[in-house]
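Structure, as structure tokens:
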There are 2 protein chains.
Amino acid sequence: MNTGVSKPDTKQRILDSAERLFAEYGFAGVSLRAIIADAKVNLAAIHYHYHSKEALFDAVILRRLEPINRERLELLDALEQAGQPTLEQILEAFLAPAFRVGADPNGGQTFVRLIGRLFSEEMSLFSHVIKQHFGVVLERFARALQAAAPELPTSEVLWRMLFMAGALGHALRSCGQNLESLHGGLCDTSDVEGALRRLIGFAAAGFRAPVPAGVTHV
Amino acid sequence: MNTGVSKPDTKQRILDSAERLFAEYGFAGVSLRAIIADAKVNLAAIHYHYHSKEALFDAVILRRLEPINRERLELLDALEQAGQPTLEQILEAFLAPAFRVGADPNGGQTFVRLIGRLFSEEMSLFSHVIKQHFGVVLERFARALQAAAPELPTSEVLWRMLFMAGALGHALRSCGQNLESLHGGLCDTSDVEGALRRLIGFAAAGFRAPVPAGVTHV
DNA sequence: GTCTATAATCGGATAGAC
DNA sequence: GTCTATCCGATTATAGAC
């Protein structure tokens with residue numbers, strides 16, 4: 001007999017549907033019933049496999065975020081072992097894993113938008129697990145960026161990381177989205193690799209900008 | 001007798017509470033009942049003064065967005081009449097009005113976060129009115145930025161505007177927010193003026209970055 | 001592990017008295 | 001303009017049969 005995975009994977013289908021719908025409408029904008037309808041499973045199954053709506057959301061995020069953040073740290077480790085990396089290299093190590101999932105034909109495209117959405121969701125929503133995941137990565141990259149731009153005060157590095165993260169999130173949210181209404185279709189948001197290269201260049205230049213006059217540091 | 005405004009302004013209190021709650025939890029994350037509880041008004045009043053939940057959301061946004069976008073265009077007009085403005089000047093004309101409402105003690109702080117949230121809400125949510133508001137402004141500033149950076153392909157200008165808008169939104173979302181959990185408190189997000197100066201410098205440098213090799217243009 | 005059935009609550013919206 | 005009362009559909013979650 002099979003080891004229990006003979007069924008066309010209810011659990012996985014729930015995760016896939018939830019990912020797509022959460023990405024589109026946000027956490028509060030999606031009901032469990034919308035998910036079960038999309039996944040063609042029973043309502044009770046969602047409570048059986050995951051504990052609650054919030055736990056399901058966590059599972060959706062972690063499935064993809066964990067590999068992304070692991071890859072980010074691996075790339076950064078590899079860079080630093082080869083000497084002092086450039087700003088562009090560090091930024092690529094941070095940005096590329098997030099962008100590249102967009103190339104994954106298996107729902108990566110939709111997850112890319114979900115990550116973008118994550119930043120605007122209620123803080124208390126993404127659980128301690130996720131917050132912790134992000135914390136470690138941000139700390140490591142903050143140190144790396146600081147080393148690559150030693151003339152910048154630490155608070156300045158953090159501000160620019162915040163700008164970069166915002167640009168990343170917004171770019172990811174826009175990927176595959178219909179932006180014609182705003183841009184007249186001149187922005188090809190399906191060009192994921194191009195968006196990555198552009199964002200790296202944009203952010204690297206931003207990090208190299210001089211410290212504005214008159215701002216205060218902590 | 002009074003002209004009808006003798007009451008401590010039910011209509012206004014609804015708007016204020018709605019603004020604060022929408023900013024915190026997003027459109028779908030807030031119920032009308034939560035709003036009336038916060039505003040201490042009756043449920044029916046919300047349907048009387050505004051037609052529906054969506055119409056209320058529109059009203060909340062427009063109350064502050066309309067002046068912001070008007071000021072943006074006025075500032076840009078003034079700049080262009082004095083000759084070819086610099087990148088920094090154009091960016092300031094776009095960013096400053098949005099940031100400055102954060103200095104308004106009357107709920108501006110919370111609205112700043114609401115604007116940031118707007119980008120991640122469902123597209124169909126912000127009504128045609130708002131979409132049109134944004135469309136005009138973006139078109140004008142796209143032209144101005146293109147003129148200030150004539151060596152950039154148009155699609156490149158639009159990509160960088162998208163990055164800038166993302167950084168703006170994220171910065172606004174973070175203003176006054178408790179970011180210690182992620183940054184160890186080194187980022188003083190209550191320093192609105194400093195955030196503005198920093199973002200202008202960051203984005204201007206980004207706009208001056210060379211076009212990445214190998215990307216395609218439409 | 002999957003289902004039906006249902007509990008218990010909350011959602012937006014409206015009617016009609018005052 | 002403001003209130004009470006209520007409609008009615010949708011929501012999360014659970015109990016219990018199979």
Side-chain angles (χ1 to χ4, degrees), chain A residues 1-61 63 117 121-122 124-127, chain B residues 1-63 114 117 121-122 124-127:
Chain A
M1 309 310 168
N2 234 331
T3 44
V5 274
S6 50
K7 191 73 191 300
D9 237 8
T10 300
K11 197 171 173 179
Q12 180 105 10
R13 278 218 313 286
I14 292 175
L15 218 53
D16 291 340
S17 291
E19 177 176 88
R20 206 172 52 72
L21 291 171
F22 282 144
E24 194 95 23
Y25 304 103
F27 178 77
V30 177
S31 67
L32 292 184
R33 318 183 88 98
I35 295 173
I36 63 147
D38 187 274
K40 294 191 225 308
V41 300
N42 191 274
L43 174 57
I46 215 169
H47 283 100
Y48 176 78
H49 288 291
Y50 308 92
H51 177 61
S52 66
K53 189 184 176 185
E54 287 212 6
L56 171 61
F57 187 77
D58 278 4
V60 166
I61 298 287
R63 168 170 66 156
R117 217 171 234 292
E121 290 289 349
E122 171 60 2
S124 65
L125 201 150
F126 55 123
S127 71
Chain B
M1 314 312 169
N2 234 330
T3 45
V5 273
S6 49
K7 192 71 189 300
D9 237 7
T10 300
K11 198 171 173 180
Q12 179 107 7
R13 278 219 312 286
I14 293 175
L15 218 52
D16 291 339
S17 291
E19 178 176 88
R20 206 172 52 72
L21 291 171
F22 282 144
E24 193 95 23
Y25 304 103
F27 178 77
V30 177
S31 67
L32 292 185
R33 303 176 126 89
I35 294 173
I36 62 147
D38 187 274
K40 296 190 223 309
V41 299
N42 190 273
L43 174 57
I46 217 170
H47 283 100
Y48 175 78
H49 288 290
Y50 309 91
H51 177 61
S52 66
K53 189 186 179 185
E54 287 212 6
L56 171 59
F57 187 77
D58 278 5
V60 166
I61 299 288
L62 274 184
R63 168 172 64 155
L114 182 53
R117 217 172 234 292
E121 291 288 351
E122 173 60 3
S124 65
L125 200 152
F126 55 121
S127 71

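Just so you know, these numbers use all the heavy atoms, side chains as well, and skip hydrogens, waters and symmetry mates. Here is the naming used below: chain letters follow the sequence lines, and residue numbers restart at 1 for every chain.
- For the OP1/OP2 pair of D/dG1 and a distance below 4.0 Å, the side-chain nitrogens and oxygens of B/Tyr48 include at least one atom meeting the criterion.
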Expected string for nucleotides 13-18 of chain D under the B/S/- scheme (protein heavy atoms, under 4.0 Å, primed atoms plus P, OP1, OP2 as sugar-phosphate) is BB----
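- Listed by chain and number, the residues in a salt bridge (charged side-chain N to carboxylate O under 4.0 Å, His left out) with B/Arg33 amount to none (sequence neighbours excluded).
- For A/Ala37, there are no side chain to side chain contact (heavy atoms under 4.5 Å, CB included) partners two or more places apart in sequence or in a different chain.
- Between B/Lys53 and B/Phe27, the shortest heavy-atom contact is NZ-O, 3.1 Å.
- Using a 4.5 Å heavy-atom cutoff, the side chains of B/Leu15 and B/Leu56 are in contact.
- C/dA13 atom P lies 15 Å from atom OH of B/Tyr50, rounded to whole Å.
- Atom CZ in B/Phe27 sits roughly 13 Å away from atom P in C/dG11 (whole-Å rounding).
- Here C/dA15 presents its P atom at 16 Å from CG of B/Asn42, a figure rounded to the nearest Å.
- Atom CD1 in A/Ile46 sits roughly 13 Å away from atom P in C/dC3 (whole-Å rounding).
- The interatomic distance linking B/Phe57 (CZ) with C/dG12 (C1') rounds to 17 Å, in whole Å.
- Between B/Glu24 and B/Arg117, the shortest heavy-atom contact is O-NH2, 3.2 Å.
- Contact record, A/Thr10 with A/Ala45: CG2-CB, 4.1 Å, taken as the closest heavy-atom pair.
- A straight line from CD1 of B/Ile36 to P of C/dG12 spans 10 Å, rounded to a whole angstrom.
- Atoms CZ (B/Arg13) and P (D/dT2) sit 9 Å apart, rounded to a whole Å.
- Look at A/Thr10 and you'll find a side-chain N or O under 4.0 angstrom from OP1 or OP2 of C/dT2.
- The side chain to side chain donor-acceptor pair (under 3.5 Å) pairs that include a residue from residues 39-49 of chain A number zero, where partners must be two or more places apart or lie in different chains.
- Scored by the side chain to side chain donor-acceptor pair (under 3.5 Å) test, A/Asp38 finds A/Ser17, A/Arg20 as partners (sequence neighbours excluded).
- Two residues are said to be in side-chain contact when any heavy atoms from C-beta on lie closer than 4.5 Å; B/Val30 and B/Ile35 meet this criterion.
- Remark: the separation of the P atoms in D/dC8 and C/dA8 is 22 Å, to the nearest Å.
- Taking a pair as Watson-Crick or G-U wobble with both distances under 3.5 Å, the runs of three or more consecutive pairs in DNA chain C are C:1-10 with D:9-18, C:12-18 with D:1-7.
- We find that NZ of A/Lys40 is positioned 17 Å from P of C/dT2, with the value rounded to whole Å.
- The phosphate of D/dA10 (OP1 or OP2) has no side-chain N or O of A/Ser31 nearer than 4.0 angstrom.
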